[in-house]
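These notes concern the structure reproduced below.
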Amino acid sequence: GAGTSVNQIEALLRTPTESTSNGQALLILHHAGGFSFNTTQQYGEFFSKRGFVTLELKMFNDHNSRPSTLELHGQMMGGLKYLSQHSGVDSAQVSAMGLSLGAFMTVNAAGQWFYEHYDAGGLRFKKLMALYPSCWITSAAAAGKADGIPLYKGMPNNFLEKWSHIPLLILAGGKDSYDSEDPNACPSFVKGITDTKQAEITQVTVYPNATHAWDHGRNYSFPIWGGCTGRTNCTNRIVFSPETVELGKQAVLSFLLQK
């Protein structure tokens with residue numbers, strides 16, 4: 001897109017065996033902790049064993065090296081274009097899933113602005129899956145109130161005003177600190193989508209006892225300054241939940257295989 005720098009980045013590509021390949025591809029976007037957290041590996045391995053070509057973008061290695069939001073979205077578009085040209089992949093069968101920051105980007109890719117700004121031509125993701133996004137932030141964007149939220153820097157206030165009518169699945173934790181442990185935060189976001197067609201093809205599942213980042217493999221917490229509901233401060237409490245990890249994998253797989 002205009003004003004967005006273009007840089008080559010690394011990514012981890014996994015290809016299924018020829019006998020299991022289903023012609024589909026899945027772009028996997030990590031969270032703000034960075035690629036070095038190694039959270040995406042479990043998904044790359046899971047979906048590549050089930051016939052998908054998977055690409056885990058290394059958008060940045062750790063949180064100190066994170067580029068701008070516009071650059072991150074440019075990397076996402078690069079992933080779509082790369083996979084659409086990959087041998088054995090149907091260009092109309094490329095989907096994307098993201099975790100936290102990656103989930104935020106995945107939701108944004110449901111809007112027309114993403115494809116127009118990054119010159120996608122006729123390319124579109126087939127399906128989008130967002131795992132533990134901060135839904136107070138996505139709700140603000142859908143209401144045209146993105147101004148002043150750091151994550152949306154450089155993006156127009158109304159960038160989610162027009163939707164691309166791509167099926168979207170949101171998996172949320174009922175005890176997500178970013179959303180003040182409000183289990184209705186993500187369902188409320190979906191209910192607030194004014195585009196009737198997009199609302200009909202957007203699904204949300206809330207795991208009542210899950211926290212943010214249930215798939216990080218350990219329990220920990222850290223302070224968040226201005227990133228919680230209504231730009232407030234909070235402590236992000238993370239509890240590893242192997243059960244939720246497995247439920248999430250199966251939910252994404254079922255969503256991808258739905259006709």
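All heavy atoms count here, side chains included; hydrogens, waters and symmetry mates do not.
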Which heavy atom of [X] sits nearest a heavy atom of [Y], and at what distance?
{"X": "Gly88", "Y": "Ser21", "answer": "O-OG, 4.4 Å"}
{"X": "Asp179", "Y": "Trp136", "answer": "OD1-N, 2.9 Å"}
{"X": "Ile170", "Y": "Pro133", "answer": "CG2-CG, 3.8 Å"}
{"X": "Met76", "Y": "Thr106", "answer": "CE-CA, 3.9 Å"}
{"X": "Gln75", "Y": "Pro67", "answer": "NE2-CG, 4.0 Å"}
{"X": "Trp113", "Y": "Pro156", "answer": "NE1-CD, 3.4 Å"}

Taking [X] for the side chain and [Y] for the main chain, is one N or O donor matched with an acceptor at less than 3.5 Å?
{"X": "Gln198", "Y": "His165", "answer": "yes"}
{"X": "Ser65", "Y": "Phe60", "answer": "no"}
{"X": "Asn157", "Y": "Asp147", "answer": "yes"}
{"X": "Asn233", "Y": "Gly226", "answer": "yes"}
{"X": "Ser241", "Y": "Ala210", "answer": "no"}
{"X": "Thr69", "Y": "Leu151", "answer": "yes"}

Distance, nearest 0.5 Å, that separates [atom1] of [X] from [atom2] of [Y]:
{"X": "Lys197", "Y": "Thr202", "atom1": "NZ", "atom2": "OG1", "result": "12.0 Å"}
{"X": "Asp195", "Y": "Glu161", "atom1": "CG", "atom2": "CD", "result": "10.5 Å"}
{"X": "Glu116", "Y": "Lys162", "atom1": "CD", "atom2": "NZ", "result": "6.5 Å"}
{"X": "Met129", "Y": "Met97", "atom1": "CE", "atom2": "CE", "result": "6.5 Å"}
{"X": "Lys175", "Y": "Asp182", "atom1": "NZ", "atom2": "CG", "result": "11.5 Å"}
{"X": "Met155", "Y": "Leu70", "atom1": "CE", "atom2": "CG", "result": "7.0 Å"}

Tell me whether [Y] is reachable from [X] by hopping between hydrophobic residues (I, L, V, M, F, W, Y) whose side-chain heavy atoms are closer than 4.5 Å.
{"X": "Phe159", "Y": "Phe125", "value": "yes"}
{"X": "Leu27", "Y": "Phe35", "value": "no"}
{"X": "Ile201", "Y": "Val94", "value": "no"}
{"X": "Leu80", "Y": "Leu256", "value": "no"}
{"X": "Leu26", "Y": "Leu13", "value": "no"}

>> Is a donor from one side chain sitting under 3.5 angstrom from an acceptor on the other, for Asp215 and Tyr132?
In response: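 There is such a pair between these side chains.
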>> Between Thr229 and Thr232, is there a side-chain donor-acceptor contact under 3.5 Å, judged purely by atom types and distance?
In response: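 Thr232 vs Thr229: no donor-acceptor pair found between side chains.
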> Are there more than 12 heavy atoms of other residues, nucleotides or ligands under 6.0 Å from atom CD of Glu243?
Replying inline: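 Result for CD/Glu243: open.
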>> Heavy-atom count check: over 12 atoms from other residues, nucleotides or ligands less than 6.0 Å from Glu10 CD?
In response: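 Open.
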With side chains defined as the heavy atoms from C-beta onward, is the minimum distance between [X] and [Y] less than 4.5 Å?
{"X": "Glu56", "Y": "Arg14", "result": "yes"}
{"X": "Ile166", "Y": "Tyr115", "result": "yes"}
{"X": "Met77", "Y": "Asp119", "result": "no"}
{"X": "Lys127", "Y": "Leu169", "result": "no"}
{"X": "Leu171", "Y": "Trp214", "result": "yes"}
{"X": "Val190", "Y": "Pro187", "result": "no"}
{"X": "Arg231", "Y": "Ile149", "result": "yes"}
{"X": "Phe189", "Y": "Val204", "result": "no"}

> Is the Phe37-His30 ring centre distance short of 6.0 angstrom?
Replying inline: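 Centroid separation for Phe37 and His30: 6.0 Å or greater.
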> Ring centroid separation for His73 and His117, is it under 6.0 angstrom?
Replying inline: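 Not under 6.0 Å, so no.
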>> Using a strict threshold of under 4.0 Å (side-chain N to carboxylate O), is an ion pair present between Lys249 and Glu246?
In response: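 Looking at Glu246 and Lys249, the cut-off is met.
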> Can you list the steps and then say if His86 with Thr15 is a side-chain contact (heavy atoms from CB on, under 4.5 Å)?
Replying inline: CA-CA 10 Å; His86 193 275; Thr15 55; 4.0 Å; yes
>> Checking Phe104 against Tyr152 for the ring pair (Phe, Tyr, Trp, His ring centres under 6.0 Å) test, could you report, in this order, the C-alpha distance in whole Å, the side-chain angles of both residues, the deciding distance, and whether it holds?
In response: CA-CA 10 Å; Phe104 154 83; Tyr152 293 122; 5.1 Å; yes
> Between Phe46 and Val252, does a side-chain contact (heavy atoms from CB on, under 4.5 Å) hold up when you go through it step by step?
Replying inline: CA-CA 11 Å; Phe46 178 85; Val252 171; over 6 Å; no
> Given Leu101 and Arg66, is the side-chain contact (heavy atoms from CB on, under 4.5 Å) satisfied, shown in steps?
Replying inline: CA-CA 11 Å; Leu101 172 65; Arg66 175 172 154 184; 3.8 Å; yes
> Which is it for Ser177 and Ile224 under the side-chain contact (heavy atoms from CB on, under 4.5 Å) test, yes or no, and what are the steps along the way?
Replying inline: CA-CA 9 Å; Ser177 300; Ile224 300 293; over 6 Å; no
> What is the ring orientation for Phe222 with Tyr220, classed by angle as parallel under 30°, tilted 30 to 60°, or perpendicular over 60°?
Replying inline: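 Parallel.
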